[in-house]
Amino acid sequence: MRADNSAHLITAAARRHELARSKAIQAIRELDGAGTAVTFETVARAARVSRSWLYTQHDIRAEVERLRDLHRNAPKTPVPSHHRSSNASLLRRLEAANARNRELTENSQRLRHQLAQALGQLRAAGIHQTSEPVSTSPTRHRSSVTIGPC
């Protein structure tokens, strides 16, 4: 009568399966951390598992597809996914930039208005500018000062 070794075979298969899963997960982390494209091919090669096996592991497959899609849509400079900006963060940065642009526009308009008033007061007082503006180029001299729209 033959001995029943099926329990040992099942245990060994479960151990091999868990080892392959841990190698695949580690490979995904390392590839993403290095900024390398995460594809089924690169993960299979790094983890030394088959691509067909990766497709059967639903959680690993989903993670590879997620990172692969991020890499396709990402800028060409490799950035690990945990360093990438979230949509909320990018929205806050855009809002801050727009607020700063509004502030600078208002400041510029205020300064133009003040300059126009000062020049108007000088004209009204009969004071004319006699010195020429300083030029950065010794060969070019401007004879008048032009002020943009106020």
Side-chain angles (χ1 to χ4, degrees), residues 11-150:
T11 304
R15 226 179 299 133
R16 274 196 325 270
H17 176 77
E18 288 306 315
L19 178 62
R21 283 185 59 78
S22 65
K23 289 188 333 186
I25 292 168
Q26 184 64 32
I28 290 169
R29 287 181 183 151
E30 288 175 0
L31 290 169
D32 184 47
T36 307
V38 178
T39 64
F40 288 101
E41 177 67 29
T42 58
V43 173
R45 191 177 318 123
R48 295 186 176 170
V49 297
S50 70
R51 284 182 299 166
S52 61
W53 181 84
L54 288 173
Y55 285 111
T56 64
Q57 307 306 304
H58 299 290
D59 58 334
I60 293 175
R61 179 180 183 166
E63 184 65 7
V64 169
E65 289 172 346
R66 184 185 73 82
L67 291 171
R68 180 185 61 190
D69 292 342
L70 277 176
H71 182 73
R72 283 183 184 161
N73 299 332
K76 295 305 173 198
T77 55
V79 178
S81 64
H82 62 277
H83 286 276
R84 294 183 189 124
S85 298
S86 67
N87 287 342
S89 172
L90 292 173
L91 184 60
R92 293 303 156 294
R93 289 173 57 190
L94 180 61
E95 289 170 351
N98 283 337
R100 179 71 174 144
N101 282 345
R102 277 191 299 277
E103 178 185 320
L104 290 172
T105 300
E106 291 169 2
N107 190 29
S108 176
Q109 289 173 348
R110 183 181 51 79
L111 290 173
R112 284 181 185 269
H113 182 69
Q114 286 177 352
L115 179 61
Q117 285 183 336
L119 288 174
Q121 289 171 356
L122 287 175
R123 284 186 191 131
I127 302 173
H128 298 287
Q129 183 179 2
T130 56
S131 63
E132 288 193 22
V134 178
S135 175
T136 57
S137 169
T139 58
R140 281 183 48 200
H141 292 284
R142 297 190 308 199
S143 60
S144 65
V145 177
T146 304
I147 299 175
C150 295

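Values in this document were obtained by computation on a predicted structure and should not be read as measured data.
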Q. So how far is it from R92 CZ to N87 CG, rounded to the nearest 0.5 Å?
A. 10.5 Å
Q | Within-4.5 Å side-chain heavy-atom neighbours: H17 and R21 | A | yes
Q | Spatial distance of atom CZ (R61) from atom CZ (R68) [nearest 0.5 Å] | A | 8.5 Å
Q) Are side-chain N/O atoms of T39 and T42 paired as donor and acceptor at under 3.5 Å? A) yes
**Q.** Gap between atom OG1 of T11 and atom CZ of R16 - 0.5 Å precision
**A.** 11.0 Å
**Q.** Taking every non-hydrogen atom, the tightest pair across A24 and W53
**A.** CB-CZ3, 4.2 Å
Q: Would you please say whether a donor-acceptor pair under 3.5 Å links the side chains of H113 and Q109?
A: no
Q) Is the shortest side-chain N to carboxylate O distance from E63 to R66 below 4.0 Å? A) yes
Q) Can you tell me how far the CD atom of Q26 sits from the CG atom of L31, to the nearest 0.5 Å? A) 10.0 Å
(Q) Return the CZ to OG1 distance between R100 and T105, rounded to the nearest 0.5 Å. (A) 10.5 Å
Q. What are the two closest heavy atoms between A27 and A46, and how far apart are they?
A. CB-CB, 3.8 Å
Q. Is the shortest heavy-atom distance from the side chain of V43 to the side chain of L54 under 4.5 Å?
A. yes
(Q) Looking at every non-hydrogen atom in both residues, tell me the closest pair between A47 and K23 and how far apart they are. (A) O-CE, 3.1 Å
Q. Where is the tightest heavy-atom contact between D32 and V38, given as atom of each residue plus distance?
A. N-CG2, 3.9 Å
(Q) Using a strict threshold of under 4.0 Å (side-chain N to carboxylate O), is an ion pair present between R110 and E106? (A) no
